[in-house]
Every structure is written in C-alpha cells, then in structure tokens.
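Input: a single structure, listed below in structure tokens.
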Amino acid sequence: MSREEATSPDVSRPVVTRFAPSPTGYLHIGGARTALFNWLYARGRGGKFLLRIEDTDRERSTPEATAAILRGLTWLGLDWDGEVVSQFERKDRHAEVAREMLARGTAYKCFSTQEEIAAFRAEAEARGSYALFQSPWRDADPATFPDAPFVIRMKAPRTGETIINDEVQGRVVIQNSSLDDMICLRSDATPTYMLAVVVDDHDMGVTHVIRGDDHLNNAARQQMIYDAMGWEIPVWAHIPLIHGPDGKKLSKRHGATGVEDYQAMGYPAAGMRNYLTRLGWAHGDAEIFTTEQALQMFDLAGIGRGPARLDFKKLENTCGHHIAMSDDAALLHELTAYLVAAGKPALTNRQNTLLKSALYCVKDRAKTLPELLEKAHFALISRPVQPDEASAKSLDTVSRGILQTLTPQLRNVSWTKDALEPILTQVAAENGIGFGKLAAPLRAALAGRSVTPSVYDMMLVIGQDETIARLQDAAV
RNA sequence: GGCCCGUUCGUCUAUCGGUUAGGACACCAGAUUUUCAUUCUGGUAAGAGGGGUUCGACUCCCCUACGGGCUGCCA
C-alpha cells in the first residue's frame with residue numbers, strides 16, 4: 001500500500017514535531033487541531049513538541065495574535081518544549097543559508113524587478129496562457145550584474161520530478177517543470193516563508209512535519225531546498241483542513257472559529273481535545289477516550305484523507321461524557337476558568353462549596369459548563385428564591401397549602417433520602433395527588449426552576465435548614 | 001488556464017479484493033424516570049457517476065462531476 005511505502009522512519013532519532021502558526025489572528029479551530037496532532041504524535045512517543053511563530057510578515061503579524069495563540073494552546077493543554085521561537089528573529093540565519101546556497105550554486109541572484117515580473121505575467125495572461133516566470137539571471141555571468149537590488153532565487157531543477165512521500169497523502173509526484181525558481185531571500189534581505197520554514201525546521205531538528213494539506217504543493221519546493229543544502233528531509237504528513245458544517249471552508253461566517261470562543265461557550269478542554277482528535281482521525285471504533293489513551297493510540301496512519309466537517313452536536317455529546325468523567329476538583333477548576341473566559345462573575349466561596357457537593361447529581365446531565373451551572377442553579381442561589389415563569393405556575397394556592405403542611409414534618413427527621421422519601425410520598429397521598437404533582441412545587445420552591453435534579457438530591461445538597469426556609473418562603 | 005489533493009449513512013468514521021458494508025453523533029420509536037436529562041432497547045440511513053482490471057471490487061486503474069489547495073519579493 002502506498003501509505004506504508006511512504007513511511008521512511010528513522011527510529012534512531014527521537015520524534016520532534018512543531019506547530020508553526022502565523023500570528024495574524026486568533027488560534028482557529030483548524031490550527032488547534034493541527035497543533036493537537038503534532039502534540040499527540042510527539043508526546044505519545046516521548047518526543048518533543050516545539051512552537052514557532054511565523055512572524056516574518058511584519059505587516060500582518062501582531063503580538064496580540066501571538067498571545068491569543070499561546071492562550072489557546074494553553075487552554076487546550078498543549079504544552080510545548082523550550083522557548084517559543086520567533087521566525088523573524090532568525091532572519092540573519094535565513095540569509096546566511098541563502099548565501100550558502102549561492103555559494104553552492106543552488107541559488108542565484110536575480111535582478112529582475114517586480115515591475116518586470118508583473119509585466120511578464122500580464123503579457124502571458126493577455127495571450128490567454130499561463131507561464132512560469134523564468135529569470136534571465138539564472139545562468140548570467142556575474143560580470144554582467146548591475147549595481148541594483150536583487151533577490152536570491154532557488155535554482156530549481158527544470159526537468160525530472162520531485163516526489164513527496166507523505167504519510168497521509170501517499171506518494172505525490174510533482175513535475176519539476178511546473179515549479180519556478182522561487183524566491184528565497186527578498187530584495188530587503190528578509191527570507192520568504194519557503195526558505196524560513198525549511199531552515200527553521202532543520203535547525204530545530206524537526207523530524208515530522210504535520211501540517212495542513214494546503215502546504216502539500218509547497219512541500220515539493222521545500223524539499224528542493226533540503227536537497228540543495230544536503231539536509232535530511234523530514235517525514236511529511238499533510239492533513240486535510242477542517243470545514244464548516246456546510247462543507248465549505250471554515251470561515252467567520254460559521255460563527256465560532258477561534259478556540260477561545262469554544263472556551264467561552266463552555267466546552268471543557270478535555271472534551272474539545274477528544275472531539276478534535278476524532279475529527280479526521282480514527283482508531284477502530286474508539287470514540288470517547290482520555291488524553292492518556294489518545295497519546296497511546298494516536299498515529300499518522302489513522303488520519304483520514306478527506307476534509308472533515310465540524311459537528312457541534314457531536315462536540316457536545318463528547319463534552320458531556322468528559323464532564324461526567326472528570327473528577328470534581330478538576331471540574332471546579334475548569335468552571336472557574338470558564339467564568340473568567342466568558343466574562344461572568346466568579347463564584348463565591350459559599351457557592352463553590354455547595355456546587356462541589358451538588359456535582360454528583362448534575363455532572364452526568366450536562367454537556368457544557370453553562371449547562372452544568374444551570375442544572376446546579378438550586379445550589380448557587382440564595383433566598384429568597386426567584387421562581388422563573390415556568391416554575392411559578394406550579395406554586396398555586398393549593399400547592400402552597402400542601403407545602404405548609406409538609407414543612408413542619410421536615411423538622412425532626414434525619415436528613416437522608418430514606419427518611420425523607422416516606423414523608424413526601426405520604427403527603428402526596430394525603431392530598432390525593434401523584435408524586436409528580438408534589439415535585440413540581442417543590443422544584444419551584446427549592447430551585448425556582450421546573451427542570452432540576454431530583455428533589456431529594458436538592459434537599460440533601462442544600463441541607464435541612466435551607467430546605468425548610470425555602471419551603472416556608474414559598475408557602476406564604 | 002496549469003498542476004496537486006480529496007469524495008462510504010445527514011455528520012465523524014471502520015473496511016486495507018470476498019462483510020447481511022461495522023461503530024459513534026444526530027434523528028425516529030419504545031422502556032425506565034417525580035420534571036428535564038441520563039440510562040436501556042429497537043429502527044431509518046452510505047460506497048458521487050461512468051468505464052475498465054479481476055472468478056470477485058467501497059477497496060486497484062482511467063474518465064467525468066463536485067469540493068479543496070497551490071500557481072506571490074503572504075504564510
């Protein structure tokens with residue numbers, strides 16, 4: 001199979017992967033998944049995961065974007081090794097390599113101006129054809145060089161083919177005749193992306209380049225630079241991009257595209273990781289798994305070749321499982337971070353304590369953090385309880401009367417479900433109503449909601465005194 | 001325009017020439033439940049189209065369609 005043949009592992013080298021975003025905006029969901037795949041691959045193999053900010057485009061790069069990317073990765077729990085590398089700061093090294101290519105004869109100085117190149121293209125277009133720009137300086141005699149600005153271009157082979165052995169895409173053959181002599185160093189001596197990635201990946205010891213498949217074609221040009229410098233080519237893995245629910249390329253039109261938006265919407269990081277891992281990757285029937293399990297299972301062979309669409313329902317379902325699975329302390333911690341991210345007020349100590357004791361009965365019914373908070377509403381509020389519209393309806397005069405007869409019976413009982421259950425059932429029976437009819441006003445009185453956990457759980461969580469007080473409030 | 005990549009239920013996917021094409025989400029029906037939810041049971045639902053190769057193709061090859069990418073002194 002081509003995917004197996006594509007493998008050229010060098011088991012003697014430890015795995016080094018990297019995530020290399022350009023800081024032109026927030027960390028979008030597709031980039032987050034790319035980072036996750038790199039992280040999983042490296043960490044699952046005892047390797048290193050590096051972070052490099054591709055900030056060579058000074059016009060569009062901002063420190064705010066870099067900060068947002070770092071925040072996003074941190075939230076997702078994707079920790080990187082060593083310092084964050086700024087590509088811009090390595091520009092001297094890039095220029096050095098360009099000069100070395102010059103010395104090796106694998107690159108050349110090109111004095112063609114941008115106007116000349118534009119004119120060349122315009123002419124080709126006017127003829128209705130398309131032609132690669134071929135620099136007249138490729139084989140020029142240095143004696144003819146003008147005293148003018150120049151760029152350094154790769155002296156790319158014009159015949160033959162370049163073969164990309166990709167772990168995901170298989171063997172991809174690119175005709176060299178379809179590639180031009182790309183610019184490596186601009187006339188202002190700054191490197192282009194094409195040169196900078198290769199130099200950085202090489203210098204950083206990157207062994208596996210896992211990135212979006214929009215770079216698949218670029219890999220051929222980059223491979224030429226590796227060859228020109230006599231460097232070892234990394235293992236390529238070009239993964240399909242994520243699309244919106246409508247199958248179109250992900251954009252702002254689809255709403256939330258930044259990972260921080262997801263945090264603010266209350267998706268737990270563990271659920272997010274699980275969902276993103278499964279998006280475009282599979283390992284048999286594994287659906288819900290911990291990060292430790294993902295680390296064990298993740299491999300390049302499991303990555304699919306088609307673009308995957310975002311499915312919020314499945315995201316929610318996955319997150320629901322993770323909320324139910326996570327331990328209370330971690331959940332509370334995450335909840336705190338969520339409130340900050342969502343710009344909501346923090347919980348008081350009292351609320352925290354009550355919420356903690358309420359978790360057992362709300363954890364497995366929430367798919368997101370705000371949903372969890374809503375289910376735990378009864379534990380977060382203090383008297384007087386304000387019933388919402390739906391629950392207020394069940395507090396009519398009849399049910400108020402019932403609450404009045406019930407409350408005194410709650411005073412001298414041991415506060416356990418076993419002791420409370422017979423009392424409530426009996427009160428319901430005495431009034432000739434089903435238990436459901438009694439539960440409704442209880443919910444309204446205790447939580448001010450018509451949808452809550454079991455009334456027993458609520459009573460146990462808030463305690464005897466608070467229960468009686470809330471019932472008395474509602475009974476008058 | 002040229003080149004490159006992709007295409008299995010609505011969605012994420014399994015399958016690596018021989019399966020009643022499996023699982024998950026969603027959806028529908030039923031059961032459990034003091035509400036909602038959870039949980040449980042069952043169900044609907046797929047190989048883009050057309051040619052080959054082969055005893056046999058979802059799987060290999062070609063063409064078409066559709067989607068995406070690259071084709072910048074952007075990354």
Side-chain angles (χ1 to χ4, degrees), chain A residues 1 3-4 20-24 54-57 59-61 87 110 112-114 117-118 121 124-125 128-133 149 151-153 164 166 168-170 172-175 177-180 182-188 190-194 196-197 212-218 220-221 238 240-241 243 245 247-249 275 278-288 301-302 304-318 320 324 362 364-367 371 375 390-391 394 424-425 428 434-440 442-443 449-456:
Chain A
M1 254 6 275
R3 296 184 105 203
E4 263 64 40
S22 40
T24 54
E54 309 223 316
D55 50 359
T56 52
D57 183 345
E59 298 288 302
R60 300 195 299 152
S61 300
Q87 188 160 66
C110 170
S112 296
T113 64
Q114 295 191 56
I117 298 168
R121 290 196 179 119
E125 197 176 331
S129 69
Y130 184 88
L132 294 176
F133 176 71
V151 299
I152 294 181
R153 298 186 102 105
I164 302 297
D166 194 279
V168 176
Q169 309 291 342
V172 179
V173 180
I174 313 273
Q175 295 303 316
S177 57
S178 71
L179 267 22
D180 61 4
M182 73 200 134
I183 294 174
C184 292
L185 205 68
R186 301 187 187 103
S187 50
D188 65 356
T190 62
T192 58
Y193 161 77
M194 218 60 81
V197 244
D213 68 3
D214 49 337
H215 288 292
L216 180 56
N217 287 287
N218 290 337
R221 318 174 89 105
H238 289 92
L241 268 12
H243 286 184
K248 299 290 181 189
K249 201 182 157 191
Y275 175 73
R278 268 294 280 112
L279 193 60
W281 174 84
H283 185 82
D285 288 340
E287 294 285 351
I288 302 297
R305 306 157 199 73
R309 302 182 190 197
L310 231 35
D311 180 350
F312 282 82
K313 288 282 204 234
K314 187 148 188 175
L315 202 212
E316 283 180 10
N317 179 277
T318 304
V362 294
D364 57 359
R365 26 206 312 149
K367 294 186 167 69
E371 214 176 295
K375 304 281 183 195
S391 69
S394 52
L424 296 198
T425 345
F435 192 55
K437 284 280 184 217
L438 174 62
L442 281 172
R443 267 184 251 285
R449 294 283 132 105
S450 53
V451 175
T452 71
S454 125
V455 292
Y456 298 112

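Naming: A, B, ... by sequence-line order, numbering from 1 per chain. Values below: all heavy atoms of this structure, side chains included; hydrogens, waters and symmetry mates excluded.
- A/Arg305 has its CZ atom 8 Å from the P atom of B/rA14, to the nearest Å.
- Across all strands, A/Pro21 comes closer than 4.0 Å to no nucleic acid atom at all (heavy-atom distances).
- Within 4.0 Å of A/Tyr456, counting heavy atoms only, lies at least one base atom of the nucleic acid.
- Backbone-only contact: A/Leu216 has heavy atoms under 4.0 Å from sugar-phosphate atoms and none from a base.
- No hydrogens or angles were tested; on distance alone, nothing pairs the side chain of A/Thr452 with the base of B/rU35 as donor and acceptor under 3.5 Å.
- When the nucleotides B/rC25, B/rC73, B/rU34 are ranked by their closest atom to the side chain of A/Ala439, B/rU34 comes out on top.
- A/Arg443 comes within 4.0 angstrom of a nucleotide base, judged by non-hydrogen atoms across all strands.
- Shown here, B/rC27 forms a base pair with B/rG43; the pair counts as Watson-Crick or G-U wobble because both key distances fall under 3.5 Å.
- Side chain of A/Thr192 to backbone of A/Ile183: a donor-acceptor contact under 3.5 angstrom is found.
- Within the 4.0 angstrom heavy-atom criterion, no nucleotide atom of any strand lies near A/Gly320.
- Although no hydrogens or angles enter the test, the distance criterion places a donor-acceptor pair under 3.5 Å between the side chain of A/Tyr275 and the main chain of A/Asp311.
- Comparing B/rU13, B/rG67, B/rC25 by their closest approach to the side chain of A/Asp311 singles out B/rC25.
- Summarising the base pairing, B/rC55 is matched to B/rG18 through a Watson-Crick or G-U wobble pair whose two defining distances lie under 3.5 Å.
- A/His215 comes within 4.0 angstrom of a nucleotide base, judged by non-hydrogen atoms across all strands.
- The listed nucleotides are B/rC4, B/rA26, B/rG67; the one nearest the side chain of A/Asn317 is B/rA26.
- As judged by a 4.0 angstrom heavy-atom cut-off over every strand, A/Asn218 is placed among the base-contacting residues.
- If you check B/rG1, B/rA37, B/rC36 against the side chain of A/Val451, the one that comes closest is B/rC36.
- Using a 4.0 Å heavy-atom criterion, one finds that A/Val197 contacts no nucleic acid atom at all.
- Scanning atom types as modelled, one donor and one acceptor separated by under 3.5 angstrom connect the side chain of A/Lys314 and the base of B/rA24.
- Residue contacts for A/Thr24: at a heavy-atom cut-off of 4.0 Å it reaches no nucleic acid atom on any strand shown.
- In the set B/rU13, B/rG6, B/rC74, B/rC74 carries the atom at the smallest distance from any side-chain atom of A/Arg60.
- With values rounded to the nearest 0.5 angstrom, A/Ile152 atom CD1 is found 13.0 Å from A/Arg186 atom CZ.
- Residue A/Gln114 is in base contact, counting any heavy-atom pair closer than 4.0 Å across all strands shown.
- For A/Lys367, taking side-chain heavy atoms from C-beta onward, the closest of the listed nucleotides B/rA75, B/rA37, B/rC12 is B/rA37.
- A 3.5 Å limit on both hydrogen-bonding distances identifies B/rA65 as the Watson-Crick or G-U partner of B/rU7.
- In this structure, B/rG72 forms no base pair with any nucleotide, since neither Watson-Crick nor G-U wobble geometry is met with both distances under 3.5 Å.
- Closest to the A/Glu287 side chain, of the nucleotides B/rA26, B/rC12, B/rU13, is B/rC12.
- The residue A/Ala308 sits close only to the backbone: its heavy atoms come under 4.0 Å of sugar-phosphate atoms, none of a base.
- Closest to the A/Arg278 side chain, of the nucleotides B/rC36, B/rU13, B/rC74, is B/rU13.
- Here the nucleotide nearest the side chain of A/Arg365, chosen from B/rC36, B/rC70, B/rU34, is B/rC36.
- Among the protein residues, A/Val455 comes within range of the nucleic acid bases, having at least one heavy atom under 4.0 Å from a base atom.
- Residue A/Ser61 is out of contact with every strand shown, counting any heavy-atom pair closer than 4.0 Å.
- For the pair A/Lys375 and A/Asp364, the salt-bridge criterion is not met [side-chain N within less than 4.0 Å of a carboxylate O].
- Residue A/Pro307 has its side chain nearest to B/rG6 when only B/rA37, B/rG6, B/rG22 are considered.
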